[in-house]
4 protein chains.
Amino acid sequence: MPNWSTMIEDLLFRVTDIGSTMLSTNQQQTVAEKCERLLNNTGEATSLALSREILDDYVTLSDSDKLVFFSTLATDFGVDVEALQHAYDLWKQSPEIHLARHIHFSSEPRSQELFRQLNRVPGGTATLVAMREDLLRLCQNDKRLKSLDKDLSHLFVSWFNRGFLRIEQINWSTPAKILEKIIQYEAVHKITGWDDLRRRVDEADRRLYAFFHPALPSEPLIFVEVALTSDTPTTIESILSADREALDPKSASTAVFYSISNCQAGLRGISFGNFLIKQVVEELKRELSNLKTFITMSPVPTLCKWLSTDPDLDQESRILVDALQAAELPLSDDFKHQHSEQLSRLAAKYLLDAKSRRGGPFDPVSRFHLGNGAHLERINLWANSSQQGFNDSFGIMVNYEYDLKFIEKNHEAFLTNGSIITSSSIKKLHKKMQ
Amino acid sequence: MPNWSTMIEDLLFRVTDIGSTMLSTNQQQTVAEKCERLLNNTGEATSLALSREILDDYVTLSDSDKLVFFSTLATDFGVDVEALQHAYDLWKQSPEIHLARHIHFSSEPRSQELFRQLNRVPGGTATLVAMREDLLRLCQNDKRLKSLDKDLSHLFVSWFNRGFLRIEQINWSTPAKILEKIIQYEAVHKITGWDDLRRRVDEADRRLYAFFHPALPSEPLIFVEVALTSDTPTTIESILSADREALDPKSASTAVFYSISNCQAGLRGISFGNFLIKQVVEELKRELSNLKTFITMSPVPTLCKWLSTDPDLDQESRILVDALQAAELPLSDDFKHQHSEQLSRLAAKYLLDAKSRRGGPFDPVSRFHLGNGAHLERINLWANSSQQGFNDSFGIMVNYEYDLKFIEKNHEAFLTNGSIITSSSIKKLHKKMQ
Amino acid sequence: MPNWSTMIEDLLFRVTDIGSTMLSTNQQQTVAEKCERLLNNTGEATSLALSREILDDYVTLSDSDKLVFFSTLATDFGVDVEALQHAYDLWKQSPEIHLARHIHFSSEPRSQELFRQLNRVPGGTATLVAMREDLLRLCQNDKRLKSLDKDLSHLFVSWFNRGFLRIEQINWSTPAKILEKIIQYEAVHKITGWDDLRRRVDEADRRLYAFFHPALPSEPLIFVEVALTSDTPTTIESILSADREALDPKSASTAVFYSISNCQAGLRGISFGNFLIKQVVEELKRELSNLKTFITMSPVPTLCKWLSTDPDLDQESRILVDALQAAELPLSDDFKHQHSEQLSRLAAKYLLDAKSRRGGPFDPVSRFHLGNGAHLERINLWANSSQQGFNDSFGIMVNYEYDLKFIEKNHEAFLTNGSIITSSSIKKLHKKMQ
Amino acid sequence: MPNWSTMIEDLLFRVTDIGSTMLSTNQQQTVAEKCERLLNNTGEATSLALSREILDDYVTLSDSDKLVFFSTLATDFGVDVEALQHAYDLWKQSPEIHLARHIHFSSEPRSQELFRQLNRVPGGTATLVAMREDLLRLCQNDKRLKSLDKDLSHLFVSWFNRGFLRIEQINWSTPAKILEKIIQYEAVHKITGWDDLRRRVDEADRRLYAFFHPALPSEPLIFVEVALTSDTPTTIESILSADREALDPKSASTAVFYSISNCQAGLRGISFGNFLIKQVVEELKRELSNLKTFITMSPVPTLCKWLSTDPDLDQESRILVDALQAAELPLSDDFKHQHSEQLSRLAAKYLLDAKSRRGGPFDPVSRFHLGNGAHLERINLWANSSQQGFNDSFGIMVNYEYDLKFIEKNHEAFLTNGSIITSSSIKKLHKKMQ
C-alpha cells in the first residue's frame, strides 16, 4: 500500500500549480478535459455520448490516475468564487432572506453539475457509486478530497431518498444474480454457499428483505435477515443451524432481526437501516398477526476493542478479562459456569457506560438500534461460539427490542438526554457492577 | 382572480413581522409548525408519519392558506445566516478551495432538507410536484417565493435526472389510467376521445413514446407522437385524419414528430424534450432500418403574436397581413393561391429574423428544435386549417429536420453564433424578403 | 340468409360421393387436402408451417367454403372403422376391462388429431375457437356436423379446464385492448362507452372479474360485474346510475353480481360461470371481511316468452298481462301501484312452476343460479325501466342468493329432486297464486 | 423391491371380486370412494373442495396403496359397456359416419372425466403428472394399468400441446428455484453445482432454453444447452471446461446443442424435443445472424450395449472391442493412435447398420435427431473422457447437423425408407467396414 497522503499532497501540488496544459498527454487529464468539455457544452446535443465516454474512461484508470482525476475535480471544478463573492456582497448590502438563499445556489461547485450530467447515462448511477467508493478509499483525510466527497454524498442523499427505494422480499424465486450478491454482501454472519443461503431465504420461518433503487435494479442497497421464532433466541447458532425443523410461521410469536448488512461501500453514510427495519416490522405485522415481539440478535463488535483502550475496571473484571483472553475454544461448561456472572456485569457496564469520543455509546450497533428507538432487552452470554465472535465480544450477543408503543419515547430520550432505556435485569446487573 | 401580488406582500408582512405565535390557531401555521417539528426531530423514529401528515394537510389547504404556508417556508426555513457568515469568514481568512465549497453546504436553506424529508413518504414526490405547480401559479414574481422555488427546482433537476427516467411506448396494451392522461395532457393537437387516441397509438404507422419516473409510475412526464410516412407531410390534417389507410411501417422512409407535450406543470423548466426526441430516434432506427428522415411537423405558435408587436414590415407584407386578418375560414383556393408567395416570404423573415428579448429566435418551438441541433427544413403554407392554427400562424407549419450527421454541428453553430441552419429553399425565400 | 340445411345436404352429398379428386381446384378442397397431408406426415419436421398455412387459409374462406371444409372434415376425417371393428371384436372375444378402454382409443376420429396439430401453431387456439363459432353458426342441426362439433367441444373441455384458467380483476390499470373487449362483450346491461366502463371498474365500490386462458391472453372468456352495497338492491338503475356517490367498500355488507357475460361464442357449452362466481366470492371475502351477503341482481329473460306459450293462467292474470302489454313506458306510479300484487304472484308462479321441455326451470338464468346452489331470494317489480327489460319481463328482476352455508345442500336438492329453494316471502306469493 | 406383478394380480383380484364394501376401512379405498362421489356429483357446487381432498390424500399414499388405487380406477372407472354396446348397435344398424364417431364418445372411460375434474384444482396438473410418474413406475406391464395410463397420456398430449408451451431462456436472472431444477434434471452431462451451472447459462457464448407450461410455472418440461463456437467441437470437454475464455457471440459461426434433457418422468412419451430444437434454432438465428451451422454434440448411449448383444462383427473388430474393454482410463495417446481407424469404422457400422427390434436405428439419440430431419455429420473419437462416456461408447460422440434447407427432405427419406442421410466421410468409413 503506497503512502497515499504524501502522494495526494504531491499530486494536488502538481495539478494546481503546474497547470493542466503540461499534463495533457496523461490519460487522467484527458478524462478531466472531457469533463471540462462536457460542462462547457451549454447544450445537450452530444452530452450523453461524451458522458458515457468519461465514465468508460474512468473505470479503466489505475488508482493513482483516479487520485489525480479526483484532485483535478476538487480543484478545477470547484466554486465560482467571483459569483460567490458577488452574491455575498449583494446580501451584505441588503440582508434579505432570498439573497442569503441566493448565495447557496451561486456557490454550487461545478463538480456537482458534472456528476448530475454523468448520471444521465444508462448505468451512470452505478459508476458514480463505484466512483465514491474509490474516493472514500483513496481520500485519506485530505481536506480537498473530502470536500469533493460532500458533492457526491449530497447528491446521493437526494437520489437515494427513501421515497425512491422499494422494499423487496428476497426468496427462492429471486433471480440468481441478486442472490449471489446477498451471499457476497452478508457482513455479519457469513453465508457459506447456496445451501446456507437457501436456509435463510427459503425456509418457512425465515425472511430476508432488501431495499433497491430503480437505477440499480440488481444491486441490493441494504438487507436484513429475520428469523420467526417462538421465543427470543439466546444463541446465534440456534438460528443458523443447518439441521433445524422450520416453525410454522403462523405459530411464531417473535421476529428476530439477526443480521443487517449495508451492501454498497459507495453509499457509506447514506442511512437506510432504520427505514428498512421499520418497514419490515410493518410488512411482518400485516402478514402474521400473531407476531408480538420484534427483537434483534445483535453482535457486540467492539467490546474487546474497548477493553484494549484501558477502561476503568475493578480488579475482579481485570482477572476475568485475563482468563478469557487466555481461554481456548471451545470453552468448557465449567469455565462458562465459573465466569458467567462476572461477564454479565462487565457486558452491562460496557453497554451502559462505555462512550465514544462523540458522546454516544461506544458500541456502534448499540448506537444504531438505540437511535432507532429500540431498547436494550437482554445480554446473552456464550451466544456466538465462533472464533470471530469470541475475539470481538467473548461470544456475547445482545437483544435490542423494537417495542412499537415506546419507540418514539425511547428515541426522544436517547437523543435528548442520551438515556439508554433498558430492561430491569440489565439494570440490576449494572448496579452490581458499580 | 384576486390580486395576488398585493396579497402576497400583505401576507409576508404579517407572517414575518407579527410572528407566528399570534397565528397559531390558523390551519396553515399548523402545517408549518409541523414542518418545524419534523426538522427538529433529529432522529427518524416517527418522521415518516409526521411527513405524511404534513402532505395530507397541505392538499386540503385553500390557495390563500397555501400562500401563507409558502411564505412561512421562504422566511422561516431559510439559510442559517450565522453558519453562512462563519463559513464565509473562514474562507476569507484562508481562501482555499475546500473552504469555498464549504460555504455552499453551510448555506443550504432548511426548506431543502424539509422537502427531502417530505419526499420519503410513499407518494411524496407527486405531492411535491403538485406543490411546485401551486407555488409557480401563486408566486407572482415575489422574490422570496421565487427563491423558495429554487429549492424545489434544484431538487427536481436532481431527482428527475435523465438517468432515472425510463422511456415507454404507449400503445393499446397500456393501462387505461395512463392513456386517459395522454388524452388530458396532449397540448398541441387535442385528442378528441378514445377513438382518436386509438388512431394515434394503435395504428401500425403511429407511435407514441413517453418518459416516466419510478416515483410517478402512472404519470407521463412528457410524450411525443410520431407518424411513419413515405414523405415529409405538408399538412397536419394528412396525419390526424380519421379515415386514412395505415402504411406498412416497414415501407416508411420518414418519421414525423408531430406533437410533443410536457405533462407536469410542477416540472416546468426541468427539460426532457431533447432527450426524448433523441432516444425515440434511436428506438425507431433500431426497429425500422429503412427510416431515413427524422423530421417534425411543428406549429408556429407566435407568428401572429409577433406581428402584433409591430415589427418592421414592408408595405406589401402589411397588406398581406390585413388581408389574412380579414379572411374567413375556410379559405378559398383563389385566396390561397393569391397570397402564397408573399406569405412564404413573411414566414421566412419571421423564422430567421424575429428575435426574443434574450436574443434567440422569437418562436419558442424554433428555439427548442434549433437548440437540439435540428435545422429548419421547410415552411408549409395552409398546413393547419383549424381556427386555432389560423389565429396563431395563418395555418403555417414548419418541418425541422433531425439530421443525425449534422446535429452536433448545427447545435454548436446555433449556440455559439446564433446561426440558424436552414435549407436552400428557405434561404431563397428569405433573400427575396430583404 | 340462404337455406343452409339444404345446402349442407347437397354439399355432403357432393363431398362424399363425387370424391375429392374432382374438386381439387376448389379453394376449400385445398385446405382439406393440406389437412390430409398434415396427418399423413408422420413426423413433425414441417408440420408447424403446414398447420399455420391451413389456419391462414381457413380464415379467408367464405361461409359456403367453410361449410364444405367442415363437411369434408366430418366425412373424410372420421373414425377408422376397420380399427374400430377390430377393437370391438377383440373385446367381444374376451370382454376385459382394458379391451373396452381400447375401443375408445381405437375409435378416435382423425379430425381430433387434426385439431390438436393445428393448435400447435402460435395463435392456433384462437383460430380454433373462431372455427367452432363458425361451425355452430353454420351446422344447422346437421347430424354429421354436430358430430364434428363433438371433437372440438371435447378438446375445448380439456383445454379450457378450470385448472388452466386464471382469474383477473379488470380495472383502470388493465390494458385498453382488454377493456374494449369488455365493452364489446357485455351482454346483459350494455356499456355505453369508456365513461360508463370506468364507472363499472374504477369506482371504489365496483368490481369486475374475468377468466383468462394462457393461450388467449387478451381475450376474456367470461366476466362478472359486482356492486358493493349496503343493501340488496331493488332496481338495476340504482346500480348503473351515472351520478351516484361511491360507497366505502369497507362499509359494504353486500356484494351484488349484477351482470355475467360469456365472451366467446366458440366456447358455447364449456361452462365457466359457476367457477367464476365462486372464486369471486372467495376473493371478495378475503379482501373485505365485512361482506355478509352475496346475491345477484338478475334479469328474467324469458317471462314474456313463456306467457306467449299459452301457459295455464287464471282470469285475473290474463287481464294483468293484457294491461301490461298495452301499457306505455314510463309507467305511471298509479299503474304500478294497481298491478304490483298481481304481478308479484305471476312472477312467483313463473319462477316456481314454469318448466322447460327438459324438466328444469323454464328460465335459463334461474336454471344457472339454482344449479350453482343459489336460492331464490326476492322478486323485484319495476326493477328495470328500460324498454328491453319491459319487453322481456315487464321490468321484473330477481335476486338469487349464494348463501355459502347452504350452497351444497341447495344444489343437491335441486339436482336430485328439482327442488327450488326459495325465501318464505316468495313461497307466500306462490301460495296465493294457487 | 417387491414383486410388483404378482402383487398387481393379487390386488386386482381382490378389488374386482371382493368388492369395495369390504375394504371400506382402507385408506386407499377411501380415496377411490371419494372419486366415485366426485363423479356422481352431477353439479359442481363442492367439486373443487372434494377434488383437492382426493389429491391431498393421494400424495400421502404408500406405493402399495397407490397400486390399489390405480387398480380400482382401472377396473371401477372404466367404460360404460352398456352405452358402448348401444352405440355400437346403432352404428351397425346404420353405418353412418356420425354414428361411428358417436361410439368414440360413448366409450370414454370414466377415469378420464375423473382426471379432468381433478385437474381443476390449483396445482392439480402437477399432481396428475406425479401420479402418472407413479403409475409408470408401478404398472409393470399389467394390461389394465397400462390401459389406465392411456387416459393420462391422452389427456397430457392434449394439455401439453405445443401451442400451450412457452419457450424461455434460462440465465442468471432466472429464479433460483428454477435453476436448481436445471441442476437436478440435467441427465446427459451432470451439472456439479452452482458454479458449473453459471458457466452454462451466464457466459456470453452459452445458452440454455426450456419449455414451460402455464400450469407448472416453476417446472421446466425439457431443456437444451447450447454452446456458441467458431467450429464444430470434437470433444465435450472443450465445451464443459471450467477455464475457457468466452467467445464473443457475434463472432460465433456455430451453435452446438450439447445436451438435451427431459425433466418430467410423468410426461414420458409426450414429445417436446423436436419442437424445442427447432424453436431454439429460430431464436438464435434471429439474435445472431452470423450463425451458419446448427449441430449437436451427442452421446452414443447404447454402442457398448449393442456390442453385448453379439452383433455380427469381423475378427478385427472383435479384437478392438476386447482391447478397449481391457483398457484403463486415461487412455494413452499411443493406444488412441493405434485404434482410431478401426474404432471409427466400428462406430460407422453401428450408426448405419445397428437396428432396433422395431426397425429404426438401435441408437435412441440417433433415432431422435434423424427423425427430426438432422443428418449424421461426424463421428468424434475420444470425445468424452469420462468413465461413463467410455462405458457407454468408448468415448465416442457424434455430431448431427440440422441443415435447415434439407431437414424436410431428410425427414421424409428417413421416415419413408429408413434412409440415414450422412456425410461422405462417414459413408467412406462405412464402406471400409463392409
Side-chain angles (χ1 to χ4, degrees), chain A residues 16 42-46 48 74-75 78-79 81 84 88 95-105 107-109 112 116 119-125 143-144 146-148 150-151 154-155 157-159 161-164 166 214-215 271 274-275 278 371-373 407-408 410-412 414-415, chain B residues 42-46 48 74-75 78-79 81 84 88 91 95-105 107-109 112 116 119-125 143-144 146-148 150-151 154-155 157-159 161-164 166 214-215 271 274-275 278 371-373 407-408 410-412 414-415:
Chain A
T16 327
T42 47
E44 293 152 336
T46 53
L48 276 187
T75 51
V79 175
V81 293
L84 164 57
Y88 178 82
E96 290 185 64
I97 284 163
H98 71 280
L99 292 176
R101 284 172 174 267
H102 183 56
I103 296 173
H104 175 67
F105 294 105
S107 59
E108 189 185 81
Q112 205 165 127
R116 278 195 299 262
N119 188 58
R120 290 172 175 174
V121 175
T125 313
K143 286 174 298 185
R144 277 159 291 193
K146 288 181 76 175
S147 158
L148 178 65
K150 277 291 277 182
D151 276 347
H154 174 79
L155 284 170
V157 163
S158 200
W159 291 346
N161 188 295
R162 195 260 164 279
F164 298 141
R166 57 172 209 280
S271 146
N274 171 38
F275 289 119
K278 278 164 195 167
N372 292 342
I407 276 188
E408 176 64 355
N410 295 347
H411 163 74
E412 292 278 351
F414 180 72
L415 282 176
Chain B
T42 48
E44 293 150 340
T46 53
L48 277 187
T75 51
V79 176
V81 293
L84 164 58
Y88 178 81
W91 175 57
E96 288 186 65
I97 284 163
H98 71 280
L99 292 176
R101 284 172 174 267
H102 183 56
I103 296 172
H104 174 68
F105 295 105
S107 58
E108 190 185 82
Q112 208 165 125
R116 277 195 299 264
N119 188 58
R120 290 171 174 175
V121 175
T125 314
K143 286 174 298 184
R144 278 159 289 194
K146 287 181 76 175
S147 159
L148 178 66
K150 276 293 275 183
D151 276 348
H154 175 79
L155 285 170
V157 162
S158 200
W159 291 346
N161 188 295
R162 195 259 164 277
F164 299 140
R166 58 172 209 278
S271 146
N274 171 39
F275 289 118
K278 278 165 194 165
N372 292 343
I407 276 187
E408 177 64 354
N410 295 346
H411 163 74
E412 293 277 351
F414 180 73
L415 282 177

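Order of the sequence lines fixes the chain letters, A, B, ..., with proteins taken first and strands second; residue numbering starts at 1 for each chain. Quick caveat: nothing in here was measured; it's all calculated off a predicted structure.
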Closest heavy-atom pair, A:N161 versus B:R116, reported as atoms and distance to 0.1 Å, is ND2-O, 2.7 Å
Indicate the ring-plane relationship of A:H104 and B:H154, choosing parallel, tilted or perpendicular according to the 30° and 60° boundaries. perpendicular
Just by modelled atom types, is the A:G163 backbone N or O under 3.5 Å from a matching donor or acceptor in the B:N119 side chain? no
Here the pair of heavy atoms bringing A:H98 nearest to B:K143 is NE2-CD, 3.6 Å
Roughly how far, to the nearest 0.5 Å, is CZ of A:F105 from OG of B:S147? 7.0 Å
Is chain B contacted by the side chain of A:L148, its backbone, both, or neither, given a heavy-atom distance below 4.5 Å? both
Measuring heavy-atom distances to chain A, does B:T125 have an atom under 4.5 Å in its side chain, in its backbone, in both, or in neither? side chain
Structural part of B:L84 lying under 4.5 Å from a heavy atom of chain A: side chain
Measure the shortest side-chain to side-chain distance between B:Y88 and A:I103 over non-hydrogen atoms and say whether it is less than 4.5 angstrom. no
Does any non-hydrogen side-chain atom of B:W159 lie less than 4.5 Å from one of A:F164? yes
For the candidates B:Q112, B:K146, B:E96, which exhibits the highest count of non-hydrogen atom pairs separated by less than 4.5 Å from chain A? B:Q112
Measure across B:D151 and A:R101 and return the closest heavy-atom pair with its distance rounded to 0.1 Å. OD2-NH1, 2.7 Å
Taking every non-hydrogen atom, the tightest pair across A:I97 and B:A74: CG2-O, 3.1 Å
How about B:L155 and A:S158: do any of their side-chain heavy atoms sit closer than 4.5 Å? yes
What part of A:H102 lies closer than 4.5 angstrom to a heavy atom of chain B: side chain, backbone, both or neither? neither
